[in-house]
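As the structure lists them, so they are numbered: ligands from 1, and atoms in each ligand from 1. Worth saying up front: this structure is predicted, and the values here are computed from it rather than measured.
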Amino acid sequence: MIHGHRPRKRFGQNFLADPHYAQRIVDAVDPKPGDNLVEIGPGLAALTDSLIERAGHMSAVEIDRDLATRLRERFAADRLTLYEADALTFDFATLGDALRIVGNLPYNISSPLLFHLATYEARLRDIHVMLQREVVARMTASPATADYGRLSVMLQARFRVTRLFTVPAGAFRPAPKVESAVARLAPLRESRPVIVDEALFARIVAAAFGQRRKTLRNALSALVDESALRSAGIDPGSRGETLSVDDYVRLTNALAGPTGPRGATSPPRR
Ligand code: SAM
């Protein structure tokens with residue numbers, strides 16, 4: 001039990017118990033009065049107290065009913081607007097613009113949650129998240145490294161992703177088996193590459209990394225023929241992990257042209 005609460009594994013409840021790291025996260029966010037702050041999974045409020053103290057008010061999304069009840073008892077409604085909901089399906093657009101998302105995220109859903117948050121890119125000012133260290137390594141990875149993959153490309157096409165610092169397992173109760181790291185994501189805005197067809201981009205990236213050991217000629221065969229790869233300046237014999245984010249964007253935009261993927265006029269095959 002932690003402060004009278006039995007941690008629920010299915011909700012990824014490893015509570016931050018070291019005030020030093022809580023302070024470092026809040027300092028990295030640097031909330032100011034009037035900021036549109038949103039915490040995902042406030043839990044036992046390790047971060048929430050200081051975030052509210054500095055921003056005056058914030059919103060939060062918490063899935064655990066017992067924790068939501070405790071949070072409502074602890075914080076006045078004009079300080080914390082609490083949504084008892086699943087962050088994976090929560091519509092963050094209802095919270096307005098210039099959102100500043102903060103969260104010590106449940107590690108079991110970190111990738112789908114990041115993909116969900118990325119869809120609100122235009123409404124985001126920034127995101128600060130604590131995640132399993134390996135996930136942060138994938139988010140920030142460069143091409144031709146073992147960590148580079150779908151998560152790296154999909155996030156780096158929209159955000160500047162920075163790893164801030166690591167947090168040892170002993171800072172949490174219960175202690176997880178892995179180390180954690182804090183990352184900042186800031187929308188690229190004017191330097192964001194123009195992607196003509198976002199859905200096609202997502203499909204190409206997923207296919208290229210879905211079968212890591214295959215050449216692009218084979219991994220993308222359902223979407224692109226070899227000549228289209230060549231005309232986009234991409235070697236069909238190379239593998240997905242060697243392509244930069246810009247390469248994926250260029251390939252998508254070339255395919256999204258008038259003839260479409262595989263030179264067909266019909267929609268691309270799934
Ligand atoms: N922020 C607290 C801290 O730093 O100690 C708690 C962090 S704990 C790793 C994750 C929190 O997210 C828990 O409070 C958990 O109940 C909540 N949570 C888990 N899955 C969630 C979901 N799908 N939507 C919203 N909250 C979720």
Side-chain angles (χ1 to χ4, degrees), residues 1-29 31 37-55 58-75 79-95 99-120 124 126-136 139 164-184:
M1 297 288 265
I2 299 156
H3 300 297
H5 175 80
R6 187 181 301 282
R8 294 190 166 101
K9 223 176 172 170
R10 71 176 188 283
F11 291 150
Q13 291 178 352
N14 299 96
F15 298 103
L16 183 59
D18 185 332
H20 164 74
Y21 288 103
Q23 198 54 51
R24 280 187 75 180
I25 294 170
V26 175
D27 285 345
V29 177
L37 265 191
V38 186
E39 185 177 5
I40 297 178
L44 293 167
L47 305 171
T48 322
D49 253 335
S50 344
L51 289 170
I52 292 182
E53 200 175 296
R54 285 164 69 168
M58 65 181 266
S59 305
V61 183
E62 173 58 64
I63 200 169
D64 185 311
R65 188 184 301 169
D66 296 337
L67 292 176
T69 303
R70 290 169 67 126
L71 288 158
R72 281 198 202 91
E73 283 166 6
R74 180 158 167 186
F75 297 100
R79 306 277 281 165
L80 179 69
T81 305
L82 185 68
Y83 299 87
E84 192 181 316
D86 182 346
L88 278 176
T89 51
F90 185 78
D91 183 3
F92 287 89
T94 59
L95 301 181
L99 297 172
R100 305 200 68 200
I101 309 254
V102 185
N104 169 13
L105 296 188
Y107 295 171
N108 47 345
I109 56 163
S110 48
S111 292
L113 193 49
L114 288 167
F115 285 125
H116 181 56
L117 292 175
T119 64
Y120 297 96
L124 296 173
D126 53 25
I127 301 178
H128 290 83
V129 278
M130 177 144 62
L131 295 158
Q132 192 175 329
R133 201 177 69 164
E134 288 74 12
V135 176
V136 174
M139 290 161 67
L164 298 179
F165 52 89
T166 54
V167 182
F172 301 87
R173 297 284 177 279
K177 291 196 178 66
V178 292
E179 284 205 309
S180 300
V182 177
R184 175 185 291 137

Using a 4.5 Å cut-off on heavy atoms from C-beta on, say whether the side chain of [Y] contacts that of [X].
| X | Y | result |
| --- | --- | --- |
| Val29 | Leu37 | yes |
| Phe11 | Asn108 | no |
| Thr69 | Glu73 | yes |
| Phe92 | Leu117 | yes |
| Met130 | Phe165 | no |
| Arg74 | Thr48 | no |
| Val26 | Pro31 | yes |
| Ser180 | Phe172 | yes |

Is the shortest N/O to N/O distance between [X] and ligand 1 below 3.5 Å?
| X | result |
| --- | --- |
| Ala87 | yes |
| Gln13 | yes |
| Leu47 | no |
| Gly41 | yes |

Identify the heavy atoms of [X] and [Y] that sit nearest to each other, and give their distance.
| X | Y | value |
| --- | --- | --- |
| Val61 | Ala85 | CG1-O, 3.5 Å |
| Leu82 | Pro42 | CD1-CG, 4.4 Å |
| Ser50 | Gln23 | OG-OE1, 4.4 Å |
| Pro174 | Asn14 | O-ND2, 2.9 Å |

Atoms in ligand 1 with a heavy atom of [X] nearer than 4.0 Å:
| X | answer |
| --- | --- |
| Ile109 | 23 (N) |
| Leu16 | 3 (C), 4 (O), 5 (O) |
| Asp64 | 16 (O) |
| Asp86 | 22 (C), 23 (N), 24 (N) |
| Phe15 | 5 (O), 6 (C) |
| Glu39 | 1 (N) |
| Gly12 | 8 (S), 9 (C), 10 (C) |

Where does [X] meet ligand 1, judged by heavy-atom distances below 4.0 Å: at the side chain, the backbone, both, or neither?
| X | answer |
| --- | --- |
| Leu44 | neither |
| Ala85 | backbone |
| Pro42 | backbone |
| Ile63 | both |

Item to check | Nearest-option assignment for atom 16 (O) of ligand 1, heavy atoms, candidates Arg10, Glu84, Glu62 | outcome: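 The nearest heavy atom belongs to Glu62.
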
Suppose we measure from [atom] to each protein heavy atom; which comes out shortest, and what is that distance?
| atom | result |
| --- | --- |
| atom 20 (N) of ligand 1 | Pro106 CG, 3.4 Å |
| atom 10 (C) of ligand 1 | Asn104 O, 3.5 Å |
| atom 19 (C) of ligand 1 | Phe11 O, 3.0 Å |

contact_flag [X] ligand 1 heavy-atom lt 4.0 Å:
| X | result |
| --- | --- |
| Ala45 | no |
| Val61 | yes |
| Met130 | no |

Checklist entry - Do the ring centers of His3 and Phe15 come within less than 6.0 Å of each other? => result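 No, the ring of His3 stays outside the 6.0 Å limit from the ring of Phe15, centre to centre.
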
